[in-house]
Amino acid sequence: MTAVAQRHQVGRKSGAQSRQRLAKPASIAPKLLAWYDRERRDLPWRAKPGEPTDPYAVWLSEVMLQQTTAKAVGPYYQRFLEIWPTVDALAAADEEHILTAWAGLGYYSRARNLHRCAKVIVSDFGGCFPQTEAELLKLPGIGPYTAAAVAAIAFDAVASPVDGNIERVTARLFRIETPLPSAKTELRSAAATLTPATRTGDFAQAMMDLGATVCTPKRPSCLVCPLQEDCHGYRHGVAASLPRRGAKIDRPVRRGTAFVAIGEDGRILLRQRPETGLLARMIEVPSTEWLDGVGDSRGDALQVAPIKADWWRVPDIVTHTFTHFRLELGVYRAVVARNAPLTIWADGSRCRWVHRRDLEQQALPSVMKKVVAHALKGL
Ligand code: SF4
């Protein structure tokens, strides 16, 4: 029995009974690769046919693409490559500069891990990426998906990355009815049975492209799909309902108050967040702690303002959704005298005044960009 067939066998035994066995799993790869050769997406990080693949570009794009759309990643990816064209350049960069360039992309631990990983690749591997999934997995910030994606795409190693697109295609091909997230192991096992022994990088990217352009979440275009005749989800008329999802978990709400102090010279008071925790070392306007169920309208919010001033409560609130909670921020604004003294609440050692026109050069996370925009509306 071949390794692929063995994997398929094991997968069938361990998977839920809802999975349909494909008649000819080995026929999927040739069909999909032929489709990919005609229809592949032109993406900035993707080597053109016949061009060598740059592992640094693959790794950078895969880290950026986690939880983020290709459209949002495009400009960030280009900017990073312009500033840091090699892993050596990135390793030598200042972390705050990296965080600033990353600002707006979210999930900032990725940026810090990117920097740590670049340093390890330079110090321990002489600037060359390790080529196997197992070695890649040992690097900072590289999880099973990224290790498999870099191994397959950059080095054509036999590896099966499973992102959201591939999960969806696999759930439909095999008609896997187990809801996510419980189905993840079953999906990975099923997807691995499809991986060919050669062109593994192209195959992984073909699955991603099929999910992004044909096997789309709401209305899969089954009539033009190269895998239609193999697809159990299509055959049973349930494709659009797969993958199934477990009940949504309501995120708890945290609330706080943000203070936008504007100097008469147009500068804004900013503060660096603590070394650890959520948005560590990113830049913010001073705010109260973000606590469960505490409203910004409580009388003591102004008592922890960073400057004594005539604060004005900006109407409405700013909301932002993090992975584990939803944040609601009330916003106060004040125009303050130049060199107005900070209160002890401001933690002056972490504060700085930055002109409005220079805010783009600060590592302001999206939530703080929203707060500043909200406060400056109409000014
Ligand atoms: Fe997806 Fe339809 Fe193709 Fe099946 S036939 S893989 S559901 S697009």
Side-chain angles (χ1 to χ4, degrees), residues 4-5 7-9 11-12 14-43 46 62 65-71 145 148-149 152-153 158-246:
V4 168
R7 278 206 305 270
H8 187 56
Q9 193 77 5
R12 276 202 301 125
S14 60
Q17 291 186 336
S18 60
R19 186 196 305 174
Q20 301 286 305
R21 187 181 181 182
L22 293 189
K24 292 181 195 159
S27 73
I28 298 281
K31 284 183 205 170
L32 192 60
L33 286 167
W35 172 85
Y36 181 70
D37 289 339
R38 294 190 310 273
E39 308 287 345
R40 50 182 281 150
R41 288 181 295 171
D42 193 12
L43 297 171
R46 187 173 280 179
E62 288 299 339
L65 285 163
Q66 290 163 20
Q67 326 268 358
T68 314
T69 64
K71 191 176 168 202
Y145 167 75
I153 299 170
V158 179
S160 307
V162 179
D163 68 354
N165 281 322
I166 297 178
E167 261 180 4
R168 183 169 60 256
V169 173
T170 306
R172 290 170 176 176
L173 276 175
F174 288 85
R175 189 159 74 100
I176 292 174
E177 307 260 6
T178 313
L180 283 168
S182 312
K184 282 190 176 286
T185 307
E186 191 181 351
L187 286 165
R188 274 199 294 272
S189 157
T193 67
L194 305 175
T195 302
T198 57
R199 292 192 71 189
T200 49
D202 282 351
F203 181 77
Q205 293 176 100
M207 287 284 276
M208 293 170 192
D209 282 12
L210 191 78
T213 62
V214 176
C215 195
T216 48
K218 291 206 174 113
R219 288 202 191 95
S221 305
C222 301
L223 295 180
V224 297
C225 177
L227 306 183
Q228 188 203 92
E229 65 180 36
D230 303 283
C231 181
H232 285 284
Y234 171 72
R235 199 175 301 158
H236 289 85
V238 293
S241 69
L242 298 176
R244 301 208 192 287
R245 296 189 185 276

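For the numbers below, each heavy atom of this structure counts, side chains included, while hydrogens, waters and symmetry mates do not. One-based numbering, in listed order, for ligands and for the atoms of each. These numbers come from a predicted model, not from an experiment.
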For ligand 1, which atoms sit closer than 4.0 Å to a heavy atom of [X]?
X    : answer
R172 : 7 (S)
C225 : 3 (Fe), 5 (S), 6 (S), 8 (S)
Q228 : 5 (S)

Protein contact of atom 2 (Fe) of ligand 1 - nearest heavy atom, named by residue and atom, plus distance: C222 SG, 2.3 Å
Heavy-atom nearest neighbour in the protein, as seen from atom 7 (S) of ligand 1, with distance rounded to 0.1 Å: A239 CB, 3.5 Å
Separation of Y234 OH from L227 CG (nearest 0.5 Å): 13.0 Å
E39 atom CD, neighbour heavy-atom count above 12 within 6.0 Å: yes
NZ/NE/NH1/NH2 to OD/OE distance under 4.0 Å, D209 and R40: no
Salt bridge flag under 4.0 Å for residues D37 and R199: yes
Heavy-atom proximity to atom 5 (S) of ligand 1, best of C215, P226, C231: C231
Side chains of E62 and Y145, donor plus acceptor under 3.5 Å: yes
